[in-house]
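Step one of this worksheet: look at the structure below.
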Amino acid sequence: MELEELIVEIVIGLFLLFISYQIGIKENITLLHGYHYTQLDPKDKKGVYKKKIGIGTLLVSIGILVMPIINLISHSELGYYIGLILIVVGVFYIIFIIVKYNGKLI
């Protein structure tokens with residue numbers, strides 16, 4: 001693993017961790033695409049939707065962050081497999097939540 005790859009993965013993971021904090025905890029809905037919250041029922045806008053999108057983004061950020069850490073510890077490519085699983089689960093969870101609360105993805 002090259003140093004540049006390690007730095008990029010950690011920076012992207014930390015950035016997404018910050019985004020998940022802003023959406024899920026601080027409930028900063030403006031970080032989402034406008035369509036994904038203009039179609040919401042007002043009762044869902046209060047917090048449930050934002051917390052669930054924050055959880056999905058958290059899964060993606062953890063997936064990216066664990067890749068270099070596990071690869072460095074295990075001296076193998078195991079981190080890519082574990083990270084990819086977390087990223088895919090997080091993305092599908094986000095898509096599921098968007099479809100559930102908006103009725104459609106796009």
Side-chain angles (χ1 to χ4, degrees):
M1 171 180 288
E2 295 184 27
L3 182 60
E4 294 86 11
E5 181 183 351
L6 177 79
I7 292 170
V8 168
E9 288 171 352
I10 290 174
V11 168
I12 292 172
L14 289 175
F15 175 73
L16 287 174
L17 188 64
F18 173 75
I19 296 296
S20 69
Y21 170 75
Q22 286 294 314
I23 294 171
I25 305 294
K26 292 288 198 172
E27 298 186 353
N28 186 356
I29 198 167
T30 59
L31 293 172
L32 301 175
H33 189 277
Y35 169 79
H36 295 302
Y37 62 87
T38 56
Q39 301 295 323
L40 286 177
D41 187 0
K43 68 179 174 80
D44 293 331
K45 244 184 200 182
K46 297 283 185 201
V48 174
Y49 180 75
K50 293 176 274 191
K51 288 186 189 314
K52 290 183 178 185
I53 294 292
I55 290 170
T57 310
L58 179 66
L59 287 171
V60 173
S61 67
I62 291 171
I64 293 172
L65 282 171
V66 300
M67 278 193 264
I69 295 168
I70 293 175
N71 286 345
L72 284 173
I73 292 170
S74 69
H75 301 290
S76 68
E77 295 184 354
L78 179 64
Y80 294 126
Y81 301 117
I82 294 172
L84 184 62
I85 290 169
L86 286 170
I87 292 168
V88 168
V89 168
V91 168
F92 277 113
Y93 182 73
I94 290 170
I95 291 170
F96 172 76
I97 295 303
I98 290 171
V99 170
K100 178 181 176 184
Y101 284 95
N102 284 307
K104 57 185 175 178
L105 185 60
I106 298 174

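Counting begins at 1 with the first residue of the sequence.
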Discussion item. Tell me whether Tyr80 shares a hydrophobic cluster with Val88, the cluster being built from Ile, Leu, Val, Met, Phe, Trp, Tyr side chains joined at under 4.5 Å.
Written reply: no
Worksheet item: If Ile, Leu, Val, Met, Phe, Trp and Tyr residues are connected whenever their side-chain heavy atoms lie under 4.5 Å apart, and connections chain through other members, are Ile95 and Leu16 in the same group?
Response: yes
Discussion item. Checking Lys100 now: which residues fulfil side-chain hydrogen bond (donor to acceptor under 3.5 Å, both in side chains) with it, not counting sequence neighbours?
Written reply: none
Practice prompt. Please report the shortest heavy-atom distance between Asn71 and Gly79, naming the atom on each side.
Written response: OD1-N, 2.8 Å
Discussion item. Leu17: which residues meet the side-chain contact (heavy atoms from CB on, under 4.5 Å) condition with it, sequence neighbours left out?
Written reply: Leu14, Ser20, Leu58, Ser61, Leu65
Worksheet item: In chain order, what residues pass the side-chain contact (heavy atoms from CB on, under 4.5 Å) check against Ile7, with sequence neighbours excluded?
Response: Leu3, Val11
Item to complete: Following the transitive rule for hydrophobic clusters with a side-chain heavy-atom cut-off under 4.5 Å over Ile, Leu, Val, Met, Phe, Trp and Tyr, establish whether Phe15 and Ile64 coincide in one cluster.
Response: yes
Worksheet entry | Single-linkage hydrophobic cluster Ile12~Val91, side-chain heavy atoms < 4.5 angstrom | yes
Worksheet item: What distance separates Tyr81 OH from Leu86 CG, expressed to the nearest 0.5 Å?
Response: 15.5 Å
Worksheet item: Of all residues at least two apart in sequence or in a different chain, which pass the side-chain contact (heavy atoms from CB on, under 4.5 Å) check with Ile70?
Response: Val66, Ser74, Leu78, Ile82
Item to complete: Hey, could you give me the CD1/CG distance between Ile69 and Leu6, rounded to the nearest 0.5 Å?
Response: 8.5 Å
Worksheet entry | Spacing of CZ belonging to Phe18 relative to OG1 belonging to Thr57, to within rounding of 0.5 Å | 12.5 Å
Worksheet item: What are the two closest heavy atoms between Met67 and Ile87, and how far apart are they?
Response: CE-CD1, 3.6 Å
Discussion item. Test of understanding: clusters of I, L, V, M, F, W, Y form through side-chain heavy atoms closer than 4.5 Å, transitively. Do Leu59 and Ile25 belong to the same one?
Written reply: no
Practice prompt. Could you list the residues that satisfy salt bridge (charged side-chain N to carboxylate O under 4.0 Å, His left out) with Lys51, not counting sequence neighbours?
Written response: Glu27
Worksheet item: With sequence neighbours excluded, what pairs up with Ile97 under the side-chain contact (heavy atoms from CB on, under 4.5 Å) test?
Response: Tyr49, Lys52, Ile53, Tyr93, Tyr101
